[in-house]
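Beneath this line is the structure, given in structure tokens, with notes to follow.
Naming: A, B, ... by sequence-line order, numbering from 1 per chain. As the structure is a computational prediction, the values presented were derived from the model and not from experiment.
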Amino acid sequence: MINPHTNEQQCLAWIEGELDSEASRIFEQELQRDPELASRVQAMRRDRDLLQSMPVPPVPADLSERVEQAMTRPMLTGDRVGGPGRFRRRTQRSADHANWGVPIRMAALIAIGVGVLVVLVFFSPISRVLTGLHDENMVAHDGDVQNLMVLSDPRNTEAGTDGTMAFDVVVEDPVTPEPLAMVLHSESDVLPRLRELAKEAGGTLIRNASQEDLMEDDFVASSSGAGRPASREPSDAPVLSGDPSMAPSFDDQFRYADAGSVYTIAVPLSKLDELLVMLDDAFGTDGAVLLLQDHLSDANDTDWVRTLRAREAVSTWTRDTVDPIVILPIFQP
Amino acid sequence: MTGPEDHSDPTSTSPGHDEALLQAWRDGDETALTELMVSFQPRIWSVCWRMVRHAEDATDLAQDVLIKVMQGLPGFDGRSKLSTWIIRITMNCCLSHLRKQKLRRHASLDAPRGPEGGTRADRLQDVEPGPVQDVQRRDQHRALQEALLELDVEQRLLLLLRDAHGVEYAQLAEVYGVPIGTIKSRLFRARAALRTLLESSVSAAPTPESSDAGPREHDTA
């Protein structure tokens with residue numbers, strides 16, 4: 001009997017008529033031993049033939065005109081594009097500008113870098129630490145260094161100093177990814193697919209620690225998230241798969257859990273695109289990625305607007321210089 | 001212009017000619033871009049129409065794709081074939097459109113709608129009848145169209161690109177950014193899913209007197 005899982009490529013090749021005559025003869029002999037499979041692949045072959053013969057209506061007569069109108073629409077604002085020729089010249093000019101843009105951007109980056117360095121050296125806690133090393137009257141306390149380290153930890157930039165659970169994150173650093181939210185319109189148990197998703201994307205899947213966890217005697221907190229005794233069920237463990245160091249901070253896990261999120265996936269930014277593609281693959285249109293703030297806000301815009309906003313934000317994040325961790329708490333409304 | 005029974009492969013017509021037109025445009029031939037766009041129109045249109053099966057939506061989609069192509073053409077670096085690049089843009093536009101419609105459907109409490117917005121009847125009414133050979137063939141196409149609309153959008157797109165447009169495995173692998181084996185596996189799953197839908201539609205088909213549009217005997221070709 002043919003196992004459709006191990007021989008699906010052979011089935012596919014037969015359906016598409018890509019087997020040579022000898023291979024096809026052998027395959028058809030095997031099919032005779034499995035009438036059910038034979039019937040199914042023969043039907044699939046007919047489906048393919050039918051698909052190939054499906055008629056297509058003619059191209060709308062006004063399509064070119066509509067495209068032309070859309071391309072020349074900037075004329076109303078004074079930026080006449082004109083026909084394809086003018087479009088070509090305009091884009092060529094843009095390309096020329098783009099060539100100059102690289103050195104200009106580099107120069108601007110250097111200038112900004114120098115400015116930041118000056119600020120850091122003369123006005124920041126670093127200056128106090130550094131100058132303290134040379135100043136007999138000043139002592140560089142351990143606390144200064146610790147504070148500096150805490151502030152430099154991107155996972156701590158969102159935490160309110162007063163212990164509140166606010167989500168109004170202000171991200172000033174353009175390379176620091178804004179927290180996202182993964183929304184799954186699926187009523188089934190998503191854990192197996194989430195595990196696979198995190199594993200394939202090189203990310204980490206965690207079960208968000210909740211405030212209730214703190215009440216348990218055997219609960220252990222760690223810098224990488226919540227710890228639980230080994231006697232628990234595997235699905236109840238804090239880090240379900242991946243690298244624990246990628247897990248969001250403890251406070252964030254509480255906030256996500258309070259907002260109704262059971263799991264969180266964390267991935268390096270460089271792997272985010274892969275994750276999003278796999279999300280589409282695994283959940284299709286039942287899975288969406290939004291900005292966390294959008295998901296939790298009461299704004300009256302529709303979900304698809306939020307999806308577009310998230311996609312736009314993600315597309316602006318620089319992927320080639322640093323590789324911060326992107327956090328995606330998962331919600332199942 | 002693609003006629004109702006034009007089954008030519010709309011995604012792989014003379015790639016050398018396309019590249020030559022692109023080069024001519026880059027060299028300053030202002031008519032080459034127009035010619036290039038006109039040559040791609042039927043290919044783009046047929047993918048869009050087959051994906052959404054709604055004339056107005058498909059026209060909007062094709063327009064978006066053509067505009068994106070024109071806007072992106074100056075930055076096209078030639079690392080992939082021009083047709084591959086255009087398939088990717090078309091694919092992204094179609095998927096984005098269908099996802100948006102699904103999300104709108106989630107957010108809306110409007111009257112019952114079809115799988116991607118619009119009633120099923122609205123969509124099928126938009127199908128150009130064409131000079132089909134016989135009633136049976138027309139019924140088979142109708143059943144297939146309905147099953148395709150039920151199919152997962154990613155699977156639908158993959159099936160259409162491969163079967164209706166004859167896109168090669170290597171090109172699909174490049175478009176999707178996955179190995180050829182993965183494409184084959186996904187394609188087989190898509191075929192199996194389509195078959196299941198067609199079989200279930202047969203078993204659930206109403207009696208002939210209660211419906212004159214239901215799928216009938218589509219599996220007897």
Side-chain angles (χ1 to χ4, degrees), chain A residues 4 8-9 11-13 15-16 40-41 43-64 66-68 70-71 83-92 94-95 98 185 273-274 277 280-281 284-286 288 301-308 311 333, chain B residues 1-7 25 30-31 33-34 37-38 41-42 45-46 49-50 55 59 62-63 66-67 70-71 73-75 95 98-100 102-104 106-107 127-128 130 132 137 140-141 144-145 152-154 159-160 163-164 177 181 184-185 187-188 191-192 194-195 198 218-219 221:
Chain A
E8 64 181 23
Q9 293 205 2
C11 288
L12 194 66
I15 289 164
E16 298 191 353
R40 195 162 172 82
V41 292
M44 286 159 86
R45 190 182 232 185
R46 289 195 294 273
D47 295 343
R48 176 177 180 268
D49 294 341
L50 203 57
L51 247 171
Q52 287 179 323
S53 67
M54 266 193 356
V56 177
V59 177
D62 64 343
L63 183 58
S64 293
R66 288 173 57 154
V67 172
E68 180 79 8
M71 292 299 292
R86 292 191 182 184
F87 166 73
R88 185 187 64 78
R89 286 196 294 273
R90 186 176 70 99
T91 47
Q92 184 59 49
S94 299
H185 294 283
D273 295 328
E274 272 178 64
V277 169
D280 280 347
D281 213 14
T285 48
D286 287 328
D301 47 16
T302 54
D303 279 348
W304 68 270
V305 169
R306 296 173 171 203
T307 312
L308 286 183
R311 189 175 294 182
Chain B
M1 185 84 81
T2 307
E5 287 291 319
D6 181 358
H7 307 140
W25 171 65
E30 299 189 354
T31 62
L33 180 63
T34 308
M37 290 300 109
V38 168
Q41 268 188 19
W45 160 255
S46 62
W49 187 83
R50 281 174 162 141
T59 309
Q63 180 186 323
L66 284 163
I67 289 170
M70 288 179 77
Q71 288 173 337
L73 215 46
L95 292 177
L98 293 172
R99 284 188 190 118
K100 274 186 247 173
K102 175 146 188 174
L103 286 170
R104 278 196 204 106
H106 276 300
V127 178
E128 295 284 334
V132 289
R137 190 73 164 170
Q140 289 168 353
H141 279 142
L144 185 65
Q145 286 161 11
D152 173 84
V153 290
E154 301 264 7
L159 272 176
L160 289 175
D163 288 351
K184 287 184 174 178
S185 184
L187 192 60
F188 188 78
R191 290 194 192 291
L194 179 68
R195 183 92 294 270
L198 284 166
H218 59 273
D219 198 10

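Rounded to the nearest 0.5 angstrom, B:L144 CG and A:R46 CZ are separated by 13.0 Å. The distance from atom CG of A:L63 to atom CD of B:Q63, rounded to the nearest 0.5 Å, is 7.0 Å.
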Take B:T59 and A:V59, measure what side-chain contact (heavy atoms from CB on, under 4.5 Å) needs, and give me the verdict at the end.
CA-CA 8 Å; B:T59 309; A:V59 177; over 6 Å; no
Taking it one step at a time, do B:M37 and A:S64 satisfy side-chain contact (heavy atoms from CB on, under 4.5 Å)?
CA-CA 9 Å; B:M37 290 300 109; A:S64 293; over 6 Å; no
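Options B:L194, B:L159, B:L187, B:T31 differ in how many heavy-atom pairs under 4.5 Å they form with chain A, and the most are formed by B:L187. Taking B:A192, B:G177, B:G75 one by one and counting their heavy-atom pairs under 4.5 Å with chain A, the maximum is reached by B:A192.
When atom types are taken as modelled, the side chain of B:W45 and the backbone of A:P57 share a donor-acceptor pair closer than 3.5 angstrom.
Legend: residues meeting side chain to side chain contact (heavy atoms under 4.5 Å, CB included) with B:S185, ordered by chain and number and at least two apart, are A:E8, B:R189.
Looking at B:R191 and A:E16, a side-chain N of the basic residue comes within less than 4.0 Å of a carboxylate O on the acidic one, giving a salt bridge. Ion pairing of B:R195 with A:D47 is present here, as a side-chain N (NZ or NE/NH1/NH2) and a carboxylate O approach within less than 4.0 Å.
Nearest heavy atoms, A:I15 versus B:F188: CD1-CE1, 4.3 Å. In this structure, A:M54 and B:R50 approach most closely via the heavy-atom pair O-NH2, 2.8 Å.
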